[in-house]
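In what follows, every heavy atom counts, from backbone to side chain, and hydrogens, waters and symmetry copies are set aside. What you are looking at is a predicted structure, and each value in this text was computed from that prediction instead of being measured.
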Amino acid sequence: MIYLKTDEEIEYMRAANHLVGSTLAEIAKNIVPGVSTLHLDKIGEEFIRDQNAIPLFKGYNGFPNALCISVNENVVHGIPNDYRLKEGDIVSVDCGVKLNGYCGDSAYTFEVGEVAPEVKRLLQTTKDALYLGISYAVEGKRIGDIGHAIQKYCESKGYGVVRELVGHGIGKNMHEEPEVPNYGKKSYGSLLKNGMCIAIEPMINMGTKNVKFEKDGWTVRTADRKPSAHFEHTVAIRPGKADILSTFDLIDQVINKPPLSISSN
């Protein structure tokens with residue numbers, strides 16, 4: 001069953017998703033060569049709990065941490081560990097919280113120092129595909145319209161679109177109906193109605209679309225071990241234009257912050 005949210009519920013979800021954006025911005029401040037993914041997870045969990053919220057992922061089907069942190073060829077669901085980020089890595093951080101009974105969910109793939117130009121292009125294409133998909137997340141369209149737009153755009157650039165993992169409905173629970181694939185056919189799938197809330201999350205591979213599930217039961221990596229990017233927003237379906245409930249603005253403020261100038265006085 002697909003649950004339509006009231007305007008009041010959507011505002012609760014906006015607050016939860018703003019906290020996710022704030023958490024990812026805290027992580028952004030610490031994305032440097034030498035930091036361990038486990039340390040990033042600790043920063044994220046402490047920040048979430050300090051805001052009287054619950055880390056949504058921790059304990060979910062036994063997942064051991066507050067954040068999913070996936071480096072380079074790992075697509076999603078990476079378990080934070082002692083791995084220390086290196087110059088040129090990319091790292092996808094997926095964060096979910098529950099605040100006042102409602103869920104927020106968003107993901108961002110960060111660059112560690114200077115990354116290769118072809119990797120930058122993968123990240124930019126994936127981010128662009130997210131916003132392209134969101135442009136179809138309006139009342140009267142169908143789920144397939146979102147996936148078709150993402151798939152067509154990314155495949156036109158030569159990238160692989162993951163099939164085994166998809167976006168989802170969201171509300172009081174992290175995963176609700178409907179599923180939101182990043183591939184599909186125009187005019188197919190569930191009808192989008194005012195008040196539906198969904199998480200759209202392109203997972204795009206530099207090479208093959210095929211993935212492998214690691215023995216830890218969580219981590220998903222590309223079959224050819226080429227890099228993968230992941231960006232995610234939670235949106236509310238509205239007439240005419242989607243309402244993006246999560247935000248990258250706080251992350252961008254950290255990433256694009258100019259260096260401190262040194263006065264000559």
Side-chain angles (χ1 to χ4, degrees), residues 14-60 63-99 103-115 119-120 122-124 126-127 130 170 174 199-204 218-220 227-234 244-259:
R14 193 187 311 279
N17 278 283
H18 189 272
L19 175 53
V20 172
S22 298
T23 305
L24 290 173
E26 285 299 308
I27 299 301
K29 295 174 185 176
N30 294 275
I31 298 282
V32 293
V35 70
S36 73
T37 59
L38 193 59
H39 182 66
L40 295 177
D41 179 73
K42 181 181 178 183
I43 291 169
E45 180 170 359
E46 288 181 354
F47 185 84
I48 292 166
R49 294 193 187 279
D50 284 348
Q51 313 307 312
N52 297 314
I54 299 168
L56 201 52
F57 300 165
K58 190 160 191 176
Y60 181 81
F63 189 78
N65 296 86
L67 303 176
C68 295
I69 304 182
S70 308
V71 181
N72 295 332
E73 73 271 19
N74 293 328
V75 182
V76 287
H77 302 162
I79 299 174
N81 55 34
D82 292 331
Y83 177 81
R84 295 185 179 274
L85 299 179
K86 298 181 177 66
E87 182 87 13
D89 282 347
I90 57 172
V91 54
S92 169
V93 182
D94 194 351
C95 177
V97 309
K98 180 169 274 192
L99 178 67
C103 299
D105 190 8
S106 183
Y108 196 97
T109 302
F110 297 94
E111 301 175 15
V112 184
E114 286 297 317
V115 306
V119 177
K120 280 182 177 286
L122 170 67
L123 268 57
Q124 189 62 55
T126 307
K127 195 175 184 182
L130 169 61
I170 184 171
M174 176 167 58
I200 302 173
E201 48 180 320
M203 290 156 271
I204 308 301
W218 285 102
T219 308
V220 183
S228 181
H230 178 212
F231 290 87
E232 177 183 17
H233 269 317
T234 293
I244 303 176
L245 304 180
S246 47
T247 179
F248 292 158
D249 291 349
L250 302 172
I251 299 168
D252 291 340
Q253 288 172 19
V254 173
I255 293 173
N256 299 319
K257 186 176 181 180

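- For the side chain to side chain contact (heavy atoms under 4.5 Å, CB included) criterion with Phe110, the lone passing option out of Val254, Ile90, Ile69, Ile251 is Ile251.
- Scored by the ring pair (Phe, Tyr, Trp, His ring centres under 6.0 Å) test, Phe231 finds Tyr108 as partners (sequence neighbours excluded).
- Nearest heavy atom pair, residue His230 against residue Val75, reads CB-O, 4.1 Å.
- Here the closest non-hydrogen pair linking Asp89 and Tyr83 is OD2-OH, 2.7 Å.
- Looking at every heavy atom in both residues, Thr126 comes nearest to Ala229 through OG1-CB, 3.5 Å.
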- Check step by step if side-chain contact (heavy atoms from CB on, under 4.5 Å) holds for Ile200 and Leu130. CA-CA 7 Å; Ile200 302 173; Leu130 169 61; 3.9 Å; yes

- Item | Derivation of the side-chain contact (heavy atoms from CB on, under 4.5 Å) call for Ile48 and Leu99 | CA-CA 9 Å; Ile48 292 166; Leu99 178 67; over 6 Å; no

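- At distances below 3.5 Å, not a single donor-acceptor pair connects side-chain atoms of Thr234 with backbone N or O atoms of Ala199.
- Aromatic pair His77/Phe63: ring centres not closer than 6.0 Å.
- Checked against side chain to side chain donor-acceptor pair (under 3.5 Å), Arg84 has no partners two or more places apart in sequence or in another chain.
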- Task: Go through Phe248 and Ser106 one step at a time and tell me if the side-chain contact (heavy atoms from CB on, under 4.5 Å) criterion holds.
- Result: CA-CA 9 Å; Phe248 292 158; Ser106 183; 3.6 Å; yes

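- Counting only distance, with no hydrogens or angles, the side chain of Ser246 and the backbone of Asn17 share no donor-acceptor pair below 3.5 Å.
- The two residues Pro33 and Glu87 come nearest to each other via the heavy atoms CG-OE1, 3.5 Å.
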- Message: As a quick check of understanding, evaluate side-chain contact (heavy atoms from CB on, under 4.5 Å) for Val32 and Leu85, giving each step before the final call.
- Response: CA-CA 7 Å; Val32 293; Leu85 299 179; over 6 Å; no

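- For the side chain to side chain contact (heavy atoms under 4.5 Å, CB included) with Asp41, the lone residue among Ser36, Cys95, Pro80 that qualifies is Pro80.
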